[in-house]
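Worksheet: one structure, shown below.
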Amino acid sequence: MNYWLMKSEPEEFGIDDLKARPNQIEPWDGVRNYQARNMLRDAMQIGDQVFFYHSNCQVPGIVGIMEIARAGYPDDKAFDPNDKHFDPKSNADKPTWFRVDVTFVKKLSRTIPLTELKQQPALSDLALVRRGNRLSIMPVSSAQWAFILSLE
DNA sequence: GCCAACGTTGGC
DNA sequence: GCCAACGTTGGC
């Protein structure tokens, strides 16, 4: 069992959007960064737990938990010329980009803001709080996971 | 809206 | 393969 953190802008797709989806499941697509791609494609497994992080909003922070419902498979939005995430260099025979499916688990009782996460020595190795890090998907250790939950 | 940090692109 | 230019991310 692995733990992860994934960012999304709530104005684009927030945790309430996931909660409102039929069966509370959604493909996590549109990721166009190779490091993140490798995690989607190679490392994420069904049942892995994921923090849902709201970025680019009034209070950036962790707002809930979701679970991987389907392991990495090709992101076919890269094949659609009309889609915002179209990539002419990716094709169905040899896809460049991947996605997973996630399901809603729960909202936290409060948002745990980035400012608070940054103050925790126990989280100093977490990519999220390191200066200049813009990864939209990152691994979280089991110790970090438990510690963050203890802040709730 | 600003801008620092970072990834990607493309000329050479 | 170097590196300047450019585009994007995302906190503030």
Side-chain angles (χ1 to χ4, degrees), chain A residues 2-21 26-44 48-68 71-141 143-145 147-152:
Chain A
N2 293 311
Y3 300 98
W4 307 95
L5 180 147
M6 304 208 289
K7 299 178 183 175
S8 181
E9 301 185 18
E11 291 201 5
E12 290 283 326
F13 184 81
I15 189 147
D16 289 327
D17 297 308
L18 177 61
K19 191 179 178 185
R21 281 289 191 270
E26 181 76 1
W28 201 271
D29 51 28
V31 175
R32 297 292 178 266
N33 169 283
Y34 285 101
Q35 245 184 298
R37 187 281 309 271
N38 293 344
M39 292 184 253
L40 290 170
R41 187 188 60 188
D42 305 330
M44 290 185 169
D48 285 358
Q49 302 289 112
V50 185
F51 281 131
F52 197 133
Y53 178 90
H54 280 179
S55 66
N56 235 329
C57 54
Q58 280 194 335
V59 184
I62 293 169
V63 295
I65 295 172
M66 49 195 173
E67 184 173 315
I68 303 296
Y73 63 106
D75 181 353
D76 60 17
K77 285 195 172 174
F79 311 146
D80 178 1
N82 297 316
D83 193 273
K84 169 177 149 189
H85 295 295
F86 174 61
D87 180 356
K89 294 197 291 296
S90 185
N91 61 72
D93 289 337
K94 205 181 170 196
T96 306
W97 305 114
F98 285 73
R99 62 185 174 187
V100 297
D101 288 352
V102 295
T103 50
F104 176 82
V105 174
K106 67 169 191 171
K107 286 175 79 167
L108 298 186
S109 57
R110 69 180 184 104
T111 296
I112 303 176
L114 177 63
T115 51
E116 191 175 328
L117 297 169
K118 279 182 169 173
Q119 292 168 7
Q120 308 298 332
L123 299 178
S124 58
D125 287 336
L126 185 65
L128 183 73
V129 303
R130 287 210 303 266
R131 189 161 162 271
N133 193 289
R134 299 183 309 170
L135 262 187
S136 66
I137 297 176
M138 67 192 72
V140 176
S141 73
Q144 289 164 340
W145 179 273
F147 180 82
I148 291 169
L149 282 181
S150 78
L151 298 174
E152 182 183 1

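Chain A is the first sequence line, chain B the second, and so forth, proteins listed ahead of strands; every chain is numbered from 1.
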- Under a 4.0 Å N-O cut-off, is there an ion pair linking A/Asp75 with A/Arg37? no
- Item | side chain to side chain donor-acceptor pair (under 3.5 Å) partners of A/Glu9, counting only residues at least two apart | A/Asn56
- Query: How are the rings of A/Trp145 and A/Phe51 set to each other: parallel, tilted or perpendicular (split at 30° and 60°)?
  - Reply: parallel
- Note on the structure: In B/S/- notation (B base, S sugar-phosphate only, - none; protein heavy atoms under 4.0 Å), nucleotides 2-11 of chain C written 5' to 3' is -----BBBBB
- Message: Please check: side-chain N/O of A/Arg130 versus main-chain N/O of A/Asp125, any donor-acceptor pairing under 3.5 Å?
- Response: yes
- Task: Supply the atom-to-atom distance A/Met39 CE to A/Asn33 CG, rounded to the nearest 0.5 angstrom.
- Result: 7.5 Å
